[in-house]
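Proteins get letters first, then strands, A, B, ... in listed order; numbering begins at 1 in each.
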4 protein chains.
Amino acid sequence: MKSNRPKYKQIIDAAVVIIAENGYHQAQVSKIAKQAKVADGTIYLYFKNKEDILISLFQEKMGYFVEQIELEISGKESAQDKLLVLIKKHFQILSDDVHLAVVTQLELRQSNKELRLRINDVLRGYLNLIDSIIIEGKETGAFLPDLSVKLARQMIFGTIDETATTWVMNDQKYSLPKQAEAVHQLLLGGCACKN
Amino acid sequence: MKSNRPKYKQIIDAAVVIIAENGYHQAQVSKIAKQAKVADGTIYLYFKNKEDILISLFQEKMGYFVEQIELEISGKESAQDKLLVLIKKHFQILSDDVHLAVVTQLELRQSNKELRLRINDVLRGYLNLIDSIIIEGKETGAFLPDLSVKLARQMIFGTIDETATTWVMNDQKYSLPKQAEAVHQLLLGGCACKN
Amino acid sequence: MKSNRPKYKQIIDAAVVIIAENGYHQAQVSKIAKQAKVADGTIYLYFKNKEDILISLFQEKMGYFVEQIELEISGKESAQDKLLVLIKKHFQILSDDVHLAVVTQLELRQSNKELRLRINDVLRGYLNLIDSIIIEGKETGAFLPDLSVKLARQMIFGTIDETATTWVMNDQKYSLPKQAEAVHQLLLGGCACKN
Amino acid sequence: MKSNRPKYKQIIDAAVVIIAENGYHQAQVSKIAKQAKVADGTIYLYFKNKEDILISLFQEKMGYFVEQIELEISGKESAQDKLLVLIKKHFQILSDDVHLAVVTQLELRQSNKELRLRINDVLRGYLNLIDSIIIEGKETGAFLPDLSVKLARQMIFGTIDETATTWVMNDQKYSLPKQAEAVHQLLLGGCACKN
DNA sequence: AATGAATGAGGTTTCATTCAT
DNA sequence: GATGAATGAAACCTCATTCAT
């Protein structure tokens, strides 16, 4: 398995740093190679091309997201609690690794449509996680029985993503994790007054 | 006023078509000029540089968004109705101009950080419109009194945007405007069951 | 005669100012037109093309050089005095019009080989003036009888030109006319000690 | 040291040929690369940009001038002999490499002011060589004791340069080196008759 | 005569990828 | 496996000149 070879992670991590610090379009392969302390050519022993570095980067990190969130979710009983954990963990991981946050929220979105379609494939695993919470919520009666899974997922992911992007764009001036509970509340209850 | 000159709109419209059909990075100035039926150099009589075309494009179109939505909103009484109109109109405009939808949801996001910051400035007008609806809703008691305007706006815009992007990514296979009511419902009431 | 038409001199003078202030390569036709307070197209009613402006400029100014110097020379008896007057007047004219000095000593030399060949044609009149002084000097016994007219002219013009260029390059920090006598002395007597 | 790398000289030499044959403004990087039998991009591994090729070219060649002349001068006793050697060698080098002569006397002067200022820096070494001969001549009594070093240098360099330029402009129809002695004579003794 | 909007050719430089060592 | 020198395609923008008014 390629990801076991010594320089694989080295290059991925270098890519995160270089992209975060220089931006997507200034993240030349040679810069990544230098940061990873390997030769330019070595990159191509581990990755098919530059795009493959980015896909792999996203896979590794998004895999970590799913893994971490699944781990924490497993201890929770209700769909509502699971959703809270998902939001909290999502915000926590980004907050803990600002480089990663900049890369996923801003830089990687500058990739071309094709790359973004492939990134969406990777994202699928995360969206499935959200879907499973929604489905469980509907089954247990925690969520509305006629909730559209797709729409609900779009609202949940869209809101989390927009909140994270706004935070990054504002130079992380405030605490993202502290917003988790309010976001959770909002997603569950909506904007409207129930009087 | 530059936008009154006939070739200004001609070039903007050409840019939308070319970017939608070829993608952001394959939208060469020469292609746009050809589509607009002007010489390459003529572009530079109306726009400072290529980036300026994109900013102007976004300004024109987003201005149209805000204008149209404000027009329709003015006839509505409640904040809830106004939100519905905003979502409907947003989805309708994108649905009516698929080229525009592709450009705003996918292609323009590939621009560099600097350009996106300037795009955000333009977006500000739209976000202010959302904010004004939220504030009115809070004042009239239609929305929760302790609602965070910022968070609510992030949920509303994030959800609309994610829904639109998903629709574009899925090659506009289904009707976007038909989702407006369900999205509206969801934003107002959230996911949770109120039993 | 074209040079009688009202805007001819206006454009030439504008060209001197624009080239002096912006440099040869930044002296666009549109800038010259603006400075001359005429439309871009008007330039082409007076000049065949951009090169023609520069040739004409050089012709006008070099004609003035020759005219002025011939005027002053006519009053002098000896070839040696005539040479002194030539040097003095040459330095004086440049000193009186720093824009002109910058244009002739620095900027116009950036033109391409072809233009410079044509400029050399214009220069011919000035070089002929020098030649006539040398020939007269040889005939009257003031200059060495076996002096090569061509070499002597190259020394005289080369020295005057290099002195003027050095002065312009040094930002006209010192008085150029004050150097005329020493240059004259040097050209007549050379470097060597006659013991 | 970059000038030891084989392709460095290869590119410089190609630049001399291409500029001499096509003129400064028609000397595209792609032409130089082709002549040097390297890829366009390879140029940029050895030179910062196109201007850097020209500066380096001038440095290399002018360095060779100074080096060669210093070598030959060291064997000469008097300042007068040293000056003769300088003129002879200067003319000889240009005469031996007509491409180089065209480039230094005509083409390189078309560069912009900034480039020419940097070229002047390089020229400084050559002018210093002339100065040292003048100073030595003054000290040994070979040259006039009250000679201005600056003016004398301007005369010597101006005359040599003008003579070389005239020769190049006349398509090298006659022998430049054969003029060295007469130029030398003229610079030492001036034009005037000493009766 | 005068205008000025429109034209369109042309070149420097970057950087992902290769391959001989 | 690792290296890094070499490759070469590709595009934005400028500006001299024209010509309909």
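- Between the CD1 atom of D/I53 and the C1' atom of E/dT12 there is a distance of 10 Å, given to the nearest Å.
- With contacts defined as side-chain heavy-atom distances shorter than 4.5 Å, the pair B/V168/B/T165 does not qualify.
- For residues 11-23 of chain A, proximity to DNA chain F is found at no residue, defined as any non-hydrogen atom under 4.0 angstrom from a strand atom.
- Separating the NZ atom of D/K37 from the C1' atom of F/dA6 is a distance of 17 Å, rounded to the nearest angstrom.
- Every pair passing ring-ring contact (aromatic ring centres under 6.0 Å, His included) that includes a residue from residues 12-32 of chain A is listed here, sequence neighbours excluded: A/H25-B/H25.
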Using atom types as modelled, flag every donor-acceptor pair under 3.5 Å from a side chain in residues 32-40 of chain D to any protein atom, sequence neighbours excluded.
none

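- By the side chain to side chain contact (heavy atoms under 4.5 Å, CB included) test, D/F58 is found to be paired with D/M62, D/T104, D/L108, D/I119, D/V122, D/L123, residues two or more places apart in sequence or in another chain being considered.
- Rounded to an integer number of Å, the gap from CD1 of D/I32 to P of E/dG11 is 12 Å.
- Under the side chain to side chain contact (heavy atoms under 4.5 Å, CB included) criterion, B/K50 pairs with B/V29, not counting sequence neighbours.
- Applying the salt bridge (charged side-chain N to carboxylate O under 4.0 Å, His left out) test to residues at least two apart or on different chains, the pairs with a partner in residues 99-111 of chain A are A/E107-B/K113, A/R109-A/D161.
- What separates NZ of D/K34 from P of F/dG8 is a distance of 12 Å, to the nearest Å.
- Remark: D/H99 engages no residue in a ring-ring contact (aromatic ring centres under 6.0 Å, His included) (not counting sequence neighbours).
- Ring planes of B/Y8 and B/F47: parallel class, angle under 30° (limits at 30 and 60°).
- Put simply, CD1 on C/I43 is 10 Å from P on E/dT3, counting in whole angstrom units.
- Within the structure, every pair that satisfies the salt bridge (charged side-chain N to carboxylate O under 4.0 Å, His left out) test and touches residues 10-19 of chain A, not counting sequence neighbours, is listed here: A/D13-A/K61.
- Of the listed nucleotides (E/dA2, F/dT7, E/dT7), E/dA2 has the atom at the smallest distance from the side chain of C/K7.
- One interatomic measurement links the two molecules: OH of B/Y8 to C1' of E/dA6, which rounds to 19 Å at whole-angstrom precision.
- Following rounding to the nearest Å, A/Y46 (OH) and F/dT3 (C1') show an atom-to-atom distance of 13 Å.
- B/D121 pairs by the side chain to side chain contact (heavy atoms under 4.5 Å, CB included) definition with nothing, not counting sequence neighbours.
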For nucleotides 13-21 of chain F, give me one character per nucleotide, 5' to 3': B if any protein heavy atom sits under 4.0 Å from the base, S if the only such contacts are to the sugar-phosphate, - if neither. BBSSBB---

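- Residue D/F47 contributes atom CZ, which lies 15 Å from atom P of E/dT12 at whole-angstrom precision.
- Every residue two or more places apart in sequence or in another chain was checked for a side-chain hydrogen bond (donor to acceptor under 3.5 Å, both in side chains) with A/T42, and none qualifies.
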Just the dot-bracket of DNA chain F, please: which string comes out with Watson-Crick or G-U pairs under 3.5 Å, [ ] for crossing, | for another strand? .||||||||||||||||||||

